[in-house]
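A short worksheet on the structure shown next.
None of the values given here were measured: they were computed from a predicted structure.
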Protein chains: 2
Amino acid sequence: MSPSPNAPTPVAIPEPTLKRLPYYYKFIQGQREARRDFVSCTTLAEALGLNPIQVRKDLQATGAVGRPKVGYHVETTLDAIEECLGYHNTQDIFLVGAGHLGQALLAYPGFAEIGFNLVAAFDADPAKVGREVAGKPILEASRLSDLVRRMHIQIAILAVPAAAAQMVTDTLVRAGIRAIWNFTPTRLAVPREVLVQDENLLASLSVLSKQLENSRVKSHKESIHGKPEEL
Amino acid sequence: MSPSPNAPTPVAIPEPTLKRLPYYYKFIQGQREARRDFVSCTTLAEALGLNPIQVRKDLQATGAVGRPKVGYHVETTLDAIEECLGYHNTQDIFLVGAGHLGQALLAYPGFAEIGFNLVAAFDADPAKVGREVAGKPILEASRLSDLVRRMHIQIAILAVPAAAAQMVTDTLVRAGIRAIWNFTPTRLAVPREVLVQDENLLASLSVLSKQLENSRVKSHKESIHGKPEEL
DNA sequence: CTGCTTTCGGTAAAGTTTTATCGATATGGA
DNA sequence: TCCATATCGATAAAACTTTACCGAAAGCAG
């Protein structure tokens, strides 16, 4: 399994593909429960509203291999996706900021299923410290740095107020964090070796609303010019 | 302001750009508070860790106009972004599903700032119905359809359990919803004219973790081959 | 006033991601 | 057994996004 020194680097899988894989995974799991042994790109694509060719390319990226006229073997393909997304190797993560959103994340049971173990939250508010949410303790913010270091935590969820975002980030970075899942609407300044995944909810909502506006204009124009809808 | 019949359709702004605009907006607001009248792409890019050329192209897309050697006028540019993202035209939205995440969204004060008015939540759980979160009522799920119709709600936030996602979606669609901000890990089947913005948290976390793994492999390889880090 | 430097706008190139095309393979039915 | 068809894998084209380049405008210093 260990690649030879100059093995062709297992080409990084594009982010859009990574984001789609969980959907495939879920659907294929459903097929397994339905006692199906194989699933084709066509089926997947139809169920998920995607392009079959895209599905095929995505699955290829995971290393899954299909059989013409039959499709992909359910078990093998599930394994390939799990392997690809790292659902196996479980990993401890911390949450910083136990406000409404933070507590919702604390209580969310889904992380465990994909190999993450959210072990504790940290907050600066003494009123919250000491409480538990879904069995996970909320600890004093001052202990964050030390625990990240000692427990070799690599990923942290950042759900603090925007004003504190950069400061907390600096603390995390100094403590040796490797990746930050950022729920604040702030661009974090981090050293190049630290990864940040932004989850800017306001931005997403803005996008949706803008696209809605666009589609309104478009369909209005279409109705004026009599352009028919295509199938 | 009304475009002539065959005016060049104000080219749809690419989604990546839309997602970056809120960051520019926030930073430029900061500049205004600091009593600065102009801001350059270079400054913005440096502050946000982006490419200056990208920033310029993004701002151009909003219609903002800059002056060589000076930059973009703070007030005008803020207006352009507001106009572009529709921060002005406020819009009522509904939340469906008042679980942990749903309640966190209910309590989130940020929506109002970008022109959204989250007026009510809906839930099937009688224990939750009747309660209020941050002054927003949680109503019976059975009233959803009627209220969407009567209030001409265009955007709904979907934060129900995955198992209910498609069913609730169908209800929303029948009631005339135009766009769904989907927090469930499900691909929703909707008619073409209905927009869906997926916010798949598990998928995002998987991406982060996978990229972390990649970067580990890469830096390991680099250290073996002695490839130096670039500035 | 002249020349230097910063920054913009427009156009072009490079890089990514999505979609299309085509031959090969395996299955099921004639 | 042989043919029609569904589906895969590979390669190529198209679309989209990011990055680079270059000339022009505008401020600043001498």
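- Residues satisfying the side chain to side chain contact (heavy atoms under 4.5 Å, CB included) criterion with Tyr23(A), sequence neighbours excluded, are Leu48(A), Arg187(B), Asp198(B), Asn200(B).
- Arg174(B) is linked by a side chain to side chain contact (heavy atoms under 4.5 Å, CB included) to Asp170(B), Thr171(B), counting only residues two or more places apart in sequence or in another chain.
- Among pairs with a residue in residues 16-44 of chain B, those fulfilling salt bridge (Lys or Arg N to Asp or Glu O under 4.0 Å) read Arg20(B)-Asp58(B), Arg32(B)-Glu75(B), at least two apart in sequence or across chains.
- Contacts between residues 40-76 of chain B and DNA chain D, counted as heavy-atom distances below 4.0 Å, involve Asn51(B), Ile53(B), Gln54(B), Lys57(B), Arg67(B), Pro68(B), Lys69(B), Val70(B).
- When rounded to the nearest whole Å, the span between CG of Asp37(A) and C1' of dT27(C) equals 15 Å.
- Ala156(A) is linked by a side chain to side chain contact (heavy atoms under 4.5 Å, CB included) to Leu172(A), Ile177(A), counting only residues two or more places apart in sequence or in another chain.
- Annotation: side chain to side chain contact (heavy atoms under 4.5 Å, CB included) contacts of Pro161(A) (sequence neighbours excluded): none.
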